[in-house]
Structures are given as structure tokens and as C-alpha cells.
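Proteins come first, then strands; the chains are lettered A, B, ... in the order of their sequence lines, and each starts at number 1. Predicted model, so just to flag it, every value in this text is computed and none were measured.
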Protein chains: 4
Amino acid sequence: MDPKLTRQQAIREAKQNLILDAARELFSCKGYHETGLEDIAARAGFSKAALYSYFADKEDIFLHLALRELDTLQSKMCQCQNENQPPFVNLECMIKAVFETFGEHFSLLLQLSNFSIAAIHTQSKRQQMHKHYALRLRGMLHEFTGAFAACRKLGKIHTSVSDENCARYLSGMIKSVFLKWRLEEKVGDVEKEIDSIMHFITSGVAGDPR
Amino acid sequence: MDPKLTRQQAIREAKQNLILDAARELFSCKGYHETGLEDIAARAGFSKAALYSYFADKEDIFLHLALRELDTLQSKMCQCQNENQPPFVNLECMIKAVFETFGEHFSLLLQLSNFSIAAIHTQSKRQQMHKHYALRLRGMLHEFTGAFAACRKLGKIHTSVSDENCARYLSGMIKSVFLKWRLEEKVGDVEKEIDSIMHFITSGVAGDPR
Amino acid sequence: MDPKLTRQQAIREAKQNLILDAARELFSCKGYHETGLEDIAARAGFSKAALYSYFADKEDIFLHLALRELDTLQSKMCQCQNENQPPFVNLECMIKAVFETFGEHFSLLLQLSNFSIAAIHTQSKRQQMHKHYALRLRGMLHEFTGAFAACRKLGKIHTSVSDENCARYLSGMIKSVFLKWRLEEKVGDVEKEIDSIMHFITSGVAGDPR
Amino acid sequence: MDPKLTRQQAIREAKQNLILDAARELFSCKGYHETGLEDIAARAGFSKAALYSYFADKEDIFLHLALRELDTLQSKMCQCQNENQPPFVNLECMIKAVFETFGEHFSLLLQLSNFSIAAIHTQSKRQQMHKHYALRLRGMLHEFTGAFAACRKLGKIHTSVSDENCARYLSGMIKSVFLKWRLEEKVGDVEKEIDSIMHFITSGVAGDPR
DNA sequence: CATGAATGAGGGTTCATTCAT
DNA sequence: CATGAATGAACCCTCATTCAT
């Protein structure tokens, strides 16, 4: 009975992910409000009503999608922590992780950030989920912060700007690249962008004393 | 006849601005889709139908709001260009302009960026307005770019990162601050934030060699 | 004081007629519901609100228009009664009167007939006006009926069909011509049409024994 | 699978017809603009939104209704073509078909004619439907024309009036009867009316030489 | 579990009508 | 008397959500 259950569980989870994949595609392309449940269902190969077997809400879908993506991101970022590597390399790795995770769906991250704007009116159970959600969002910041802290500990950072702020700025910079891509309607050269960002981070506009 | 007409025109414009003020408040607080025309009208002291005397659409309201805000911003930024000032001071002044312009309505800028995402599908006359809109959005980038270029010309910048990218990064950093404020649901200390940003920009994490 | 009053009265009436002219144009072209008060006002050279100085309602405008047109028609038809003419000539004259009266605005007559459909829900004072209106509509029928009766009295008519029915049929036939014109979007040759109608009336499809 | 599908299709069609029945009732009674979708839905036993599962628009409902009624009419008229019958009997049969088809909803036919007036401004796909619609409207004329032509071929008709005009006049006459009924707010004696019309058609006012 | 059908709540928009100037 | 501005009521339509099958 147990293996049967787990298999069913697995199937269920697979279908959930199918739905989330469809949602990711559409949300990142058209935005949250412009995407209808019917669209998602159609793209996932389900009927609109079927979605409600897997998620409670439209919002629930978005939230789970956010959670999934952010978890993926965080796990990738964690893998970048390698004490044997020079500290900035770890940071660069993390940035690359962001680009890789959101890859084609770059604009999704933009929406994630903005979503919390509209979603404050919700309540009770949803509040909890929002907490998770906000937590993960900070997760990225947290990882970045950690990376900066590590660099600082190794004497590579002397700025008076707090690690947390550095992390925040970095995430803003990354989003600015995503935004450029969206407006240009095409993905750019990831390597170059990361390089450029690293240059800017390490020495600002002053030039690279590394 | 002429003075009478201009006065009436002025009144009309004033009312338009009242509506836009209401819209700014609500859009920046609840987001575009969550804000109903009824809300805007009520807050502006009009009836829903009255809005249509001043704007063609809900979208039209948003677009005009965006134009107004971005124009205000640009004019403020332009005023920062002072050749007698040290170049970075000009830049700092521009950043301050952004903070001042969006002040309480910080999250509005975030929405502006995202709005263009969903709005590409529109048509004809509106397309023109969208162009204006996108143009102004780039306006901010343009000003920043110019400021960086000026600094570079004066030998204050040696980074290999292009002025345009610097500008982009900077605007991303500013937005990251706005986002923090939104999540914390309160405006922070502008002076400190600007200081922090300036530090980061000038020398990155390496520390301040200024 | 009296001549002054009458002059003012005259002006007022003239303006009323201007409005009715505009209404006739638009109602006959676009139909009652598709025509807005703003359209009428604009074409008449007034502001929308001004219409309410002259008429109580949109419906009131239509009703007065109907009355005016139908009165014109009736007076023209009355003038056709000439005892010295052969009876069928009188009838033909009346038909011509209809074509002349509605001339360019042929489709207006179609709408007049149909208007009573939607307008039954009205009340009190309006009821009275409706009576007038219905009365005039029957007016045309009445005139035709009279013409047929006259012919019959002179031994030119032997059909068992009542004069009233003949009149009704005739008016239906006329409208059918108007309808053709409308669908073809152009006025046809009035003379020919009248001729054709007269032929049909006098001897039906059997051929003309006149 | 096939029978299941056809059954579902049948149910769907039945519901569509329920809606059209409700629409016929209300349109013919109150007119197009005075009838709200809510009214139609309520009378058909649906919610307003449900209508949109079956029809695209309010206009779409009207158009489909028109098509249905006119198709019914045409098929009935076609069945009247019987070579073994005396030709005028066929014509009479066709007239009866019109009365039977529109029966209680006599005023609907009046509206059909008028609707095409306002509906020229529409677009693309709808244009096609409008064509169908106009085609069917002419359909009735066409059948009548054919009937007259048949009579003429058999030497029963010698009038110089063209078959087409005869048909047009006839349809006008029929509508005039419908209009009488509407104003009297009751259906009259169909047999008598048809008789009267036939008399008039065959020999006009001259009297019946048949 | 999956679906087609149905719904309620709400949104944007129009327009005849009123009122202050 | 004439008007620009404002309104309220109504309309059409959409969409997330539910329910019977």
C-alpha cells in the first residue's frame, strides 16, 4: 500500500509541476492578471476545473510557482558555497545561478518581487504562505549577503556599505538586466552581463583594482 | 475671451491632476488591476463617469500618470546638471531627484517598469502614447548615462563597464531600495540610502578610494 | 408686448425645427437608438443640454418629429383631394405626396411604424402624445382609405377587399419600396415606382384592364 | 464515443434553441435595445453569463435568431412548391407559411428588416454572418418572386409589374398586416387576411375576374 | 480525478438627464 | 436661454470559482 501511495503522490506532484510549468511560461510572458486560468489549463493539457484539484486558487498557483522557483534558486545558490574557491568566485557563481534559474523566464523574477504589492489584502492561511514566500524572496538576499560577508571576512571587502545592502543592490542590478532583456524582447549574453556586473560590484565605477 | 478660455483650461487641467493624484495614490498602493475606476473617482471627489470627461480609458489614466511623473522626474534630473559642481555631486543630485519625485509613491516606479510588459498588445493612437511612455522611462536611464559619461570625461571613472550599464545598474539599485521600503511598509532614511548607494557606485565593495 | 411675444415664439419654433431637422437626418440614417442626443445637438448647432429647453426627452424629440412629418404628409395628402380629377389620379397624387414628404429620409417612415413597438411602456402625459402620434399614423391610412372609398363610389373599384385594407396594403407596398432603397443605399426613380405601384393596385397581377 | 458526442451536441443545440426562443419572445415584444441579456437569460432559465457559452454577443444572439427563423420560413416556403397545384395555390401556401412561421411573433419580422439598417457598421466575421442574414431576408423575396414567375409562365399573370416588384409588394402587404396586429395588440384571423391579400394581389382593386 | 456547464460578482463604459454658471 | 461639467443607472461582458456528471 505504501509504495502505491507514494507512486500516486509522485504522479500528483508531476502533474502539479506540469501546471506550474505552464503557469511560469504564461505569467512570465503576459503577466499575472493578463493570464487566465483557462490559458494555463490549456497549455498544461488540463481543463480549467482540474486546476482546482491541485491548487486552491489562482493566487495559490502563483505562490507555489514562486516557491518552487525560489527554492530551486536557493538550492543552486547554496551549491555555490565552496570554501576552496576564491570568495568572489562563489559570488559570481551565485549570480550565474540566478541567471540560469530564471533563464528564459527572466521577467518572472520581476513579477515575483512586484506581486507582494497586490497580495497584501489576503488573510489567515494565505498569510502563512506569504510568509514562506517572502522568506524565500529574502532567501536570495540572504545568500548574497552571506557571500558578501564571506568576502569581507577574507579581507576582500572594505566598503562601509553593509553586506545586506550590497546584496540588495546586486539583486537590483540583476533585475535591471532582466528588464533590459524584456524590453529588447530577447535574452542577452549571460557571460558578458555577469562579467560586467562583477566589475561594477568589485570596484564600482572607479575602475578595477583587483 | 482668451483669458476666460485659459482659465477654464487651467481648471480643467487642475482637475485632471486631481484625478491623476488619486490614481497615483491607489495605483502605487494597490496596483493597477486591483484599483477600480470607482476607487479613483471617489478619492478624487468625482463620479466614475466623470473620469471619462478627462481621460479616454483606464489605461489612458495610467499612461498620463506615468507621463506626468516621468516628466517631473526628468525635469528635476535635468536641473541637476551643473558644470560648476563636482561631477559626482550631479549624479547624487539626480538620485535624490528620483527619491524625491517618487517619494511616498515609491512603488509606482516599480509598476511603471512592469506595465510596459503587458501593454505591448495595444493599438494605433495608444501605441504612440506607449512610445512616449517608453521613451520617458528610458529618459531616466539617459540622464544617468549622461551623468556617468560626464564623470568619465573628467577622469573620475575608469571602469570598463559602459556608462549605459552603470546607469542601468544604478536604476536597479534605486528600485531595490524602493522594494525594501515597500516590504517594510515604510519609507526609510533617504539621505542614508543615497549615501550608501553613492559609496557603492563609486568604489564598489572594494572600499572608498575617493 | 404682444408682437414681441409672438416673435419670440416664432424664434423658438424655428429653433425647434432646426433640432427636428437634425434629428430627422440622424434618426433616418442611423436609427433611433444609435443616435445620441449629442449627435443631434451637434448637427443642430446646439449643446446637448440646450435640447432640453425645447423638448422634454429624447423620446419627446422623436415624437415631435413624427408629428411634424406626419402632419406635413397629411396636409399634402389632403391637397390631393380634387373632385375634378379622375379618382385614381387623386390616389396617385397621395402616393406621390408620401414619396415627396419622406424623400431622402425614406427610412424614417419605417422607423415611425416600428417605434410604437418599444414605446408602449410609457405613461401619463406621454400616453397622450402617443395617442396623437398613433392618430397621425392612422391619418395616412385614413387618407388612403378615403381615396379608395371615393374611387369605389365612382364605380372604379369592385373588389371585395375593404377600403381600409386596400389602404393598409398600399402603405405596406410603399414601405417595401423604401426598404429596397435603404438596402440599396440609394433613392430610386420615384416616377417609375409610383407607376408600378399604381399598376399593381389597379389590377393586381392580372394585368391592366383600365 | 460518437453517439455520446452527438447526444451532447444535441443537448447543446436544444439549449441554444431555448435561448433563442426566449430571445424571440422578448425581441419581438420589446424590441432589440429594450431587451437586456439578463431578461433573455432569466426567461431561458439561465444566468446571464451562461449565454456567452452559446453565443458570442448580444448581436450574435439576434443574428442566430434571425437565421433560424428565416431558415424555418424558407424551408416552409419551399415545401409549397407543388407542380400539381394550381400556381396561385402555391403562392397562397407561401403566404400562409409566413404567417405560420412568425405567428405570435409577428413583429419580429418587422424588426429583422430594420435591424440590417443599424448593423452595417460591424466587422470581419460578423460581416459574413450579416451577409447570410441579408441573404435569407432576400430569400423570402426570392421565393415569392419564383412563385410569381411560375404563375406568369402559366399565363396567369399579365401585369407589366416585374415579378420581383410583385414579390416586394406582397411582402410589404404582409408586414402591414403584422403591423396592424401589433397596434391592436392581438393576432387577427389569418385565413381572412390571406384571403384578402390574395384577392388584392390577383386583381387589385378592380375586382376579381378569376 | 476530470470535465463541461453554469454562475456571481465585479469591471469598464455609455448615455440620457440635471445643475450651476 | 445656453453650456460645460457631472452624474446615476444601466448595460454588456469577463473570469475565477463551483457543481453535477
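Looking only at distances, no side-chain donor or acceptor of B/Lys15 sits under 3.5 Å from a matching main-chain atom of B/Ala44. Judged by distance alone, with hydrogens and angles left aside, the side-chain atoms of A/Lys48 form no donor-acceptor pair with the main-chain N or O of A/Gly36 at under 3.5 Å.
Between the CG atom in A/Leu26 and the CG atom in A/Leu108 there is a gap of 11.0 Å [rounded to 0.5 Å]. Atom CZ of B/Phe46 sits about 6.0 Å away from atom CG of B/Leu18, to the nearest 0.5 Å.
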Would you write the dot-bracket representation of DNA chain E, where each base gets (, ), [, ], | or . depending on whether it forms a Watson-Crick or G-U pair under 3.5 Å and with which partner?
-> .||||||||||||||||||||
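Contact annotation: the side chain of D/His105 never approaches that of D/Asp21 to less than 4.5 Å [non-hydrogen atoms, C-beta and beyond]. With a 4.5 Å cut-off on side-chain heavy atoms, A/His64 and A/Gln16 do not count as touching.
When distances run from any side-chain atom of D/Asp57 to the nucleotides E/dT18, E/dA2, F/dC13, the shortest one goes to F/dC13. The listed nucleotides are E/dT7, F/dC13, E/dA5; the one nearest the side chain of D/Ala49 is E/dT7. Relative to the side chain of B/Tyr52, the nucleotides E/dG12, F/dA2, E/dA5 differ in distance, and E/dG12 lies closest.
Between D/Phe46 atom CZ and E/dG4 atom P the separation is 17 Å, expressed in whole Å. Atom CD of B/Glu34 and atom C1' of F/dA16 are 14 Å apart (whole Å). Straight-line distance from the CD atom of A/Glu59 to the C1' atom of F/dC15: 16 Å, rounded to whole Å. In this entry the distance linking NZ of C/Lys58 with C1' of E/dT17 reads 12 Å, nearest Å. To the nearest angstrom, P of F/dC15 lies 12 Å from NE2 of A/His33. Between the CG atom of C/Leu18 and the P atom of F/dC1 there is a distance of 16 Å, given to the nearest Å.
Between A/Glu38 and B/Leu51, the residue anchored nearer the 5' end of DNA chain F, judged by the nucleotide with its closest heavy atom, is B/Leu51. Judged by closest nucleotide on DNA chain F, C/Tyr54 is the one of D/Leu37 and C/Tyr54 placed further toward the 5' end.
Residue A/Arg12 places at least one side-chain N or O under 4.0 Å from the OP1 or OP2 atom of E/dC1.
The base of E/dT13 sits with one of its N or O atoms less than 3.5 Å from a complementary donor or acceptor on the side chain of B/Lys48.
When heavy atoms are screened at a 4.0 angstrom cut-off, D/Phe55 is found touching no nucleic acid atom at all.
The two atoms that bring A/Thr35 and A/Lys58 nearest to each other are O-NZ, 2.9 Å, heavy atoms only.
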